[in-house]
Q: 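One structure coming up, written as structure tokens, with questions to follow.
First listed ligand is number 1; within each ligand, the first listed atom is number 1.
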Amino acid sequence: MSKTVKSLLAIGILAAAGIASAQEQVINLYSARHYPTDEALYSGFTKATGIKVQRVDSDDAGIMARLKAEGSASPADVILLVDAARLYRGEVDGLFLPVRSKVLEDAIPANLRATPTADGGISWFGLSTRARVIVYNKARVNREDVDTYEELGAPKNKEKLCIRSGSHPYNLSLFGAVMEHMGEQKTEQWLKGMVDNMARWPKGGDTDQIKAVAAGECDIAVSNSYYLARLMRSDKPADKAVVEKVGVVFPNQQSWGTHLNIAGGAVARHTKHEANAIKFLEYLASPEAQNYFANANNEWPAAKGVVLENPALTAMTGGKPFKSETIPIGAVGANSTKVQQMLDRVGFR
Ligand code: FE
């Protein structure tokens with residue numbers, strides 16, 4: 001085949017694809033969720049509505065950088081992020097389109113969504129929650145020595161701690177929340193205490209920290225609840241052995257409560273498919289979708305009245321409700337710059 005024929009063919013194929021996508025119902029989804037069970041979620045939506053979901057995967061920071069770079073030319077319709085501070089940042093940076101939806105407003109509690117704009121639009125909606133818990137080696141640590149976040153930085157826990165990078169959104173949000181409770185000065189001292197308590201420099205994700213506790217590399221770790229739940233539900237003998245060795249604490253039950261983070265969604269500022277994008281978020285808040293979005297990833301559903309029995313989460317909490325903190329998400333997001341500066345000062349990598 002000659003080059004010219006090839007490129008003419010290519011143009012033909014592109015043109016045909018262009019026509020098809022103009023007629024087709026599509027949403028472009030930028031997703032920071034990296035959980036395999038989300039596939040069933042998207043096909044469920046397509047089945048119910050005929051709207052195809054085209055997905056771009058990245059992490060929270062990658063998605064936000066991409067949205068900024070693309071500006072008004074962005075094809076994004078819906079954005080899914082996995083951290084409350086990032087959702088807040090996206091709102092402040094104007095990356096989201098505030099929307100009105102009775103379905104979403106009825107389904108998602110006010111404390112798990114953005115504060116409405118002057119004309120009632122809401123920039124983002126929480127779709128699931130996860131707790132930032134403390135995991136410890138049952139044979140080597142007394143539970144009472146790790147039942148608060150403050151104790152992670154206490155001298156008694158010297159060289160016992162494994163934790164992922166301080167700059168990771170999950171930690172920035174936790175530390176931003178702690179700053180809201182303890183104030184700046186005490187928070188910086190606490191962060192310094194954690195650096196002193198590290199058994200090794202931060203590396204890997206939350207699951208790696210749990211495994212390091214089981215392996216004896218450290219005695220205490222910090223993790224999102226669903227990573228531990230995933231190990232608890234695993235059939236692999238190695239994972240079972242890890243779970244056997246560790247205990248879990250929902251910190252600060254006697255004071256401000258355990259830090260919760262949120263995964264959530266927003267309509268993109270420059271969407272060309274606003275109605276479909278809202279439809280997609282409404283679908284994610286439905287009981288059926290919440291089962292995939294939250295439960296399948298061992299998170300708690302955000303939608304009101306959706307109660308899902310998850311054996312690992314029930315085992316983790318002893319089947320009882322736990323006290324979670326109640327601070328505005330905006331405050332946590334607003335603290336993250338200061339927290340990052342503290343981390344630099346105390347050498348928390
Ligand atoms: Fe995660």
Side-chain angles (χ1 to χ4, degrees), residues 29-42 55-66 78-90 112 124-135 149 162-177 202-213 221-234 236 239 242-243 246 248 250-251 258-266 284 289-302 308 310 312-313 316 324-325 329 332-333 336 339 349:
L29 172 66
Y30 285 19
S31 175
R33 285 176 64 92
H34 41 270
Y35 315 124
T37 46
D38 285 3
E39 279 310 320
L41 198 62
Y42 306 140
R55 201 168 91 217
V56 171
D57 284 318
S58 186
D59 58 8
D60 283 1
I63 286 172
M64 292 171 75
R66 182 164 176 160
V78 175
I79 298 146
L80 296 181
L81 300 177
V82 294
D83 173 63
R86 291 291 170 86
L87 285 164
Y88 170 78
R89 179 50 51 195
L112 296 180
W124 54 264
F125 296 87
L127 295 164
S128 63
T129 64
R130 55 281 288 279
R132 200 126 181 87
V133 296
I134 296 175
V135 174
Y149 293 117
C162 271
I163 186 165
R164 78 191 305 166
S165 166
S167 314
H168 188 277
Y170 300 158
N171 277 339
L172 282 180
S173 283
L174 168 64
F175 303 163
K203 61 172 179 181
D206 286 353
T207 305
D208 299 308
Q209 318 310 319
I210 302 172
K211 287 181 174 170
V213 167
V222 178
S223 175
N224 278 356
S225 45
Y226 58 86
Y227 291 113
L228 178 62
R230 198 180 288 166
L231 290 173
M232 290 166 77
R233 297 183 78 176
S234 168
K236 289 185 195 157
D239 293 342
V242 168
V243 170
V246 302
V248 59
F250 283 69
T258 299
H259 172 68
L260 278 192
N261 206 336
I262 296 173
L284 295 184
Q290 286 277 291
N291 189 36
Y292 286 114
F293 193 97
N295 194 40
N297 189 43
N298 302 302
E299 295 176 81
W300 291 279
L308 297 161
N310 181 306
L313 293 181
M316 276 173 75
S324 57
E325 67 183 358
I329 285 148
V332 174
S336 69
V339 166
R349 294 183 192 170

Q: Would you call Lys203-Asp208 a salt bridge at under 4.0 Å N-O?
A: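 Asp208 and Lys203: not salt-bridged.
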
Q: Going by side chain to side chain donor-acceptor pair (under 3.5 Å), Arg164 matches just one of Thr207, Asp206, Asn224. Which one?
A: Asp206

Q: Is the closest basic N to carboxylate O distance between Arg55 and Glu39 below 4.0 Å?
A: yes

Q: If you measure from the Lys or Arg side-chain nitrogens to the Asp or Glu carboxylate oxygens, is any gap between Arg89 and Asp83 under 4.0 Å?
A: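 No, this pair does not count.
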
Q: Among residues at least two apart in sequence or on other chains, which ones pass side-chain contact (heavy atoms from CB on, under 4.5 Å) with Ala229?
A: Asn298, Ala312, Leu313, Met316

Q: Go through Arg33 and Glu299 one step at a time and tell me if the salt bridge (charged side-chain N to carboxylate O under 4.0 Å, His left out) criterion holds.
A: CA-CA 13 Å; Arg33 285 176 64 92; Glu299 295 176 81; 3.4 Å; yes

Q: For the Fe ion (ligand 1), report each protein N, O or S atom nearer than 2.8 Å, sorted by chain and then by residue number.
A: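 Tyr170 OH, Tyr226 OH, Tyr227 OH, with waters left out.
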
